[in-house]
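The structure appears right after this line, and notes come after that.
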Amino acid sequence: MPQGKPEYVPDDGLTTRERRNRPLVIVHTGPGKGKSTAAFGLALRAWNQGWPIGVFQFVKSAKWRIGEERALRVLGETGEGGPVSWHKMGEGWSWIQRPGSEEDHEADAREGWEQIKRDLAAETYRFYVLDEFTYPMRWGWVDVEDVVAALRERPGNQHVVITGRDADPRLLELADLVTEMGKAKHPMDRGQKGQKGIEW
């Protein structure tokens with residue numbers, strides 16, 4: 001795509017501006033490092049445009065304090081860009097009240113997805129990061145067909161980026177942009193654990 005010009009222009013009746021501004025479903029998948037990092041890079045661009053951002057983390061522990069979370073939360077509070085809402089499954093979704101109950105990750109994932117559907121219907125955010133969301137689909141906790149239908153039918157101009165390995169082929173078929181991160185080499189191959197500033 002030299003100079004950002006597409007090689008193919010479909011005969012779809014849309015103007016260049018209409019085609020350019022269509023909302024996207026983006027999937028970052030594959031065995032390589034950087035899927036979530038790339039999604040949060042897009043979130044920074046969304047913040048800069050003043051778009052409301054909703055981040056939903058499905059697998060990462062609530063105890064992990066990743067750098068992107070702190071940075072985006074602080075940026076969201078400045079009032080200069082878009083507001084940022086951050087939800088982690090491991091903490092229990094903020095809208096679930098189950099005091100004293102044992103953690104049920106499957107139920108949490110289902111409720112998290114139900115909240116995302118409500119947010120999509122209400123057009124709560126302009127940009128969504130569904131981090132590690134391929135796993136609940138792969139494990140059967142969330143129905144893939146339901147996800148595909150909700151994303152296909154979402155109203156307005158809402159962009160959604162989904163991260164995680166082994167993305168379902170039905171999700172890939174729906175997506176407008178799919179990037180597969182490959183691993184050629186990783187420090188963990190030599191027994192080196194993750195480190196500050198690189199993994200979190």
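By convention here, the first residue in the shown sequence is residue 1. Computed over heavy atoms, backbone and side chain alike; hydrogens, waters and symmetry mates excluded.
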*State, to 0.1 Å, how close Ala150 and Leu120 come at their nearest heavy-atom pair, and which atoms those are.*
O-CD1, 4.5 Å
*Charged N to carboxylate O below 4.0 Å: is that the case for Glu173 and Arg170?*
no
_Quick check: closest heavy atoms across Ala167 and Leu172, and the distance to 0.1 Å?_
CB-CD2, 3.7 Å
_Flag side-chain contact, heavy atom, 4.5 Å: Phe56 against Tyr128_ = yes
*Which heavy atom in Pro23 sits nearest to a heavy atom in Gly156, and how many Å separate them?*
CG-O, 3.7 Å
*Taking the side chain as every heavy atom from C-beta outward, state whether Pro31 and Arg165 have any pair of such atoms under 4.5 Å apart.*
yes
*Determine, using the 4.5 Å side-chain heavy-atom cutoff (strictly less than), whether Leu174 and Val178 are members of one ILVMFWY cluster.*
yes
*Identify whether the distance between the nearest side-chain nitrogen and carboxylate oxygen of Glu77 and Arg73 falls below 4.0 Å.*
no
_Polar side chain donor-acceptor pair, Tyr125 to Gln158, under 3.5 angstrom_ = no
*Atom OG1 in Thr179, atom CG in Leu177: separation rounded to 0.5 Å?*
4.5 Å
*Work out which heavy atom in Thr78 is nearest to a heavy atom in Leu75; give both atom names and the distance.*
OG1-O, 2.7 Å
*Can you tell me how far the CG atom of Asp176 sits from the NE2 atom of His159, to the nearest 0.5 Å?*
9.5 Å
*Quick check: does any side chain N or O of Ser85 sit under 3.5 Å from a backbone N or O of Gly54, one acting as donor and the other as acceptor?*
no
*asked:* Measuring from atom OG1 of Thr134 to atom CD1 of Ile162, what distance do you get when rounded to the nearest 0.5 angstrom?
replied: 8.5 Å
*Considering only heavy atoms from C-beta outward, does the side chain of His28 approach that of Val161 to under 4.5 Å?*
yes
_Under a 3.5 Å cutoff, is there a donor and acceptor pairing between the side chains of Trp141 and Asp108?_
no
*Side-chain contact, heavy-atom cut-off 4.5 Å: Val25 with Arg152?*
no
*Is the shortest side-chain N to carboxylate O distance from Lys35 to Asp131 below 4.0 Å?*
no
*Any side-chain heavy atom of Phe40 sitting closer than 4.5 Å to one from Thr163?*
no
*Evaluate whether atom CZ of Arg45 has more than 12 neighbouring non-hydrogen atoms of other residues, nucleotides or ligands under 6.0 angstrom away.*
no
_Could you measure the distance from the CD atom of Glu145 to the CG atom of Leu171? Nearest 0.5 Å is fine._
11.0 Å
*Side chains of Arg126 and Gln49: does their closest heavy-atom pair fall under 4.5 Å?*
no
*From Leu72 CG over to Trp86 CH2, what is the distance, rounded to the nearest 0.5 angstrom?*
5.0 Å
*Starting from the C-alpha separation in whole Å, work towards a yes-or-no answer on salt bridge (charged side-chain N to carboxylate O under 4.0 Å, His left out) for Arg118 and Glu111.*
CA-CA 10 Å; Arg118 291 189 288 269; Glu111 179 55 32; 2.7 Å; yes
*Is Leu14 close to Arg22 at the side-chain level, that is, under 4.5 Å between some pair of heavy atoms?*
yes
_Shortest non-hydrogen contact from Phe58 toward Ala109_ = CE2-O, 3.7 Å
_Pairwise distance CG(Leu42) to OG1(Thr37) - rounded to 0.5 angstrom_ = 11.5 Å
*Where is the tightest heavy-atom contact between Val27 and Ala175, given as atom of each residue plus distance?*
CG2-CB, 3.8 Å
*asked:* If the threshold is 4.0 Å, N to carboxylate O, is there a salt bridge linking Glu106 and Arg110?
replied: yes
*For residues Phe133 and Trp113, establish whether the separation of their ring centroids is below 6.0 Å.*
yes
*Charged N-O contact under 4.0 Å between Lys183 and Asp189*: yes
*asked:* Are the side chains of Arg138 and Asp168 in contact, using a 4.5 Å heavy-atom criterion?
replied: no
